[in-house]
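Residue numbers begin at 1 in each chain, while the letters A, B, ... track the order of the sequences.
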Amino acid sequence: MNKVFVVGFREFWETVKTRTFFFSVVLMPMLIMALVYGTQRIARLGENEQLPTRTLAVVDAAGSVLAPLAHRVESFNSASPNRPYAIKPIAPAEADEKKLAQQVSAGEYFAFILIPTDAVDGAAPCTVGRRDSSLDVGRQLQDMLNQAIVAVRFEGSDPPIDQTQVEMLQRRVPVRTIDVQSGNETTGDEFARTMTPFAFMFLMFMGAFGISQGLLTGLIEEKSSRIVEMLLSAVSPLQLMAGKIIGMASVGLVTLAVWAVVGYWGAQRGGAAHLVTIFRLSYAGMYFFPGFLLVAAMLAAIGAACNTLKDAQSLGFPINIMTIVPMVMWIHITQNPNSTLSLVLSFIPPITPFIMILRICADPNLPLWQIVATLVLLWLSVFAAVWAAARVFRIGVLMYGKPPSLLELLKWIRQS
Amino acid sequence: MSALELTRIVKRFGTFVAVDGLDLTVASGEVIGFLGPNGAGKTTTIRMVMSILHPDSGAISVLGHPDAAEVKDRIGYLPEERGLYRKMSVGATLQYFGHLKGLSGSELSRRADESLASVGLSEWKRKPVEALSKGMSQKLQFVAALIHRPEFVILDEPFSGLDPINTELLKRLFQELRQRGTTLIFSTHQMEHAERLCDRVVLINRGRKLLDGGVSEIRERFSTRIVLVEGEGDFRPLAALPGAADAEIAGGRARLRLTDGLEPHTVLQRAMETARVTRFEVQRPDLHDIFVRLVQEDSQARGLSVPASLAKPAPALPRGANVE
């Protein structure tokens, strides 16, 4: 047993020392945080910059829209003086869409707007020609055009309707959302709320697969540089495998613990305490550990059987395919945590932890039996995988040359 | 108690029989050369002794235990395929292997320093293994395998790839082990090492034992002695001696194979009667010649192809005897 820990400690220490580990522990969660909580902030980064005046060529065939549109542009400019628009009216007789398009692409105009004769009836669409791809600009141009034409409709209404009054009546009802568990106000963080289960799942996924990948490459290195047999003079193949898995599992636990502490602390300070809760963190831990062991055992077997990373990749292909499932399905699962599909996916062992953490984040009141049943299944498959991996390991670790096929692997498991 | 006992062990890989009913007993303190051409089953046998592989049938007893795993800390093993962690420092490598062999604390540090000093690597302690030259990492592998002062040492092809300096170093190491009373088995296909270093040699071919005995005993048994005489005078009467065979007599030179109890002494006496002898030499076969002949005869007798490494026809007479 002692030797298992000697092997495990080396594995742990040699991994923790590396730059890759530092980056995965420090940079990965920062990236995720930035993705989840920072996207909008990053998008708003350039807002205070002074932009040059952007000239819009406007062809008003309807005749009545130009004035109210100019009015909207003015009020927009006074609201955001650092990003002004200007209007350059063009007589409908001289207007040529192709020529305007050329002028816009040449940068002469920022964009052009064609308002057809029956635009006010809404019978024909207006045309907005742009070459930029900004979401905000698109929304602004459409809003201004829309408001201008709506204003024209109000003016022409018979009997006359007071636009201000209608707008008053239609004003939005303020809604304040709170998180029932923490009592925190959560207004406006729908995006972060939706993304949080994904963040949990993704970090667990990176932890389990990223770190086990290290186990696999380490093993292949030991095989190709002929260290394995030196080690086998002192430890049994089983001890070697157990030590490696324990060492890597410790790396995984340390990584996850760092992420959990940083995430929890960050959420407390960043006003997202209702998203990163002890409840979620403890479930993440509970599913991570067996999930990691399962992945590690499978990759250890593959690493022991192969001599090059390329062989390992092709042998590990079925596992890789499965791991895509939570990535592809996460939206469905977080939106429908109790659907039949979500339930079925929860009972496929290698992806169980990832599916379950998505479901638990999405619905804290998941039936207890499902949690117990998935955990039991997960642990049973851990024992089965470690048992099978040990058999593959014993034979594979000294095999050089052609890697075995999946069928041969099964034969190894049966015969030894 | 014997250090190692193998009883009719058999190991097959698919249909290929790598080890075919091998018996071997090694007494405690013996130094044994385990010889045979490539593919003879040496490594497979050693791996079974180390319980890295398990025999299909037969029994193994290592230091009185059926499974070497139980006594791994008392065995030093250097595999044929050997390497070390490239990124680990020299000192850390020894620490790691020492830990795995059950050493710890100041005892381990002291042994590690001593080991490095004994092979002149003390200054490299903090350097990574990848900074070492090939010869230096070979030395490190030896001391890593022996750091726990095992009572039973098994080395698989320890001489392969060594330069002459490291070869001498290894021989010195062997002497030290022998003085300490360590049981030592090493495999090799270079007979001159076995000849110089072993008490006993065991020759296997295609998984079977061909020969097992003391070096001088084997030589005696397979001695086909050749006598070479040079000088001025008439050597022709030598051909007529009873027991002289294959006589080649030309100029001032005669070469005879001695059979039927003909002694070199008799040849010399006879030669001195008719000539002034300037050179007299008794040539003995070395292990190499004996083994090449045995392996070839065995392979042919069993209808197997001769191992590629021995494919050239072996001299019918001992090496050096028929060089003109």
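In this structure, the portions of A/V7 lying under 4.5 Å from any heavy atom of chain B include both its backbone and its side chain. Of the atoms belonging to B/Y85, heavy atoms from both backbone and side chain fall under 4.5 Å from chain A.
Contact check on B/E114 versus B/R111 returns no salt bridge, with no Lys/Arg side-chain nitrogen under 4.0 Å from an Asp/Glu carboxylate oxygen.
Among B/A92, B/G83, B/G76, the residue with the largest count of heavy-atom pairs under 4.5 Å with chain A is B/G83. Interface check for chain A: of the options B/H54, B/Q141, B/E80, B/R82, the most heavy-atom pairs under 4.5 Å are formed by B/R82. Per-residue heavy-atom pair counts under 4.5 Å with chain A were compared for B/D73, B/I75, B/L53, and the maximum is reached by B/D73. Chain B forms more heavy-atom pairs under 4.5 Å with one residue of A/E221, A/R10, A/M230 than with any other, namely A/R10.
Side-chain N/O atoms of A/D311 and A/T308 include a donor and acceptor closer than 3.5 Å. Side-chain contact, B/E30 with B/T183: no donor N or O sits under 3.5 Å from an acceptor N or O.
Other residues, nucleotides and ligands contribute at most 12 non-hydrogen atoms within 6.0 Å of the CZ atom of B/R8.
Geometrically, B/R47 does not engage B/Y77 in a cation-pi contact, judged by NZ or CZ lying under 6.0 Å from the ring centre and within 45° of the ring axis.
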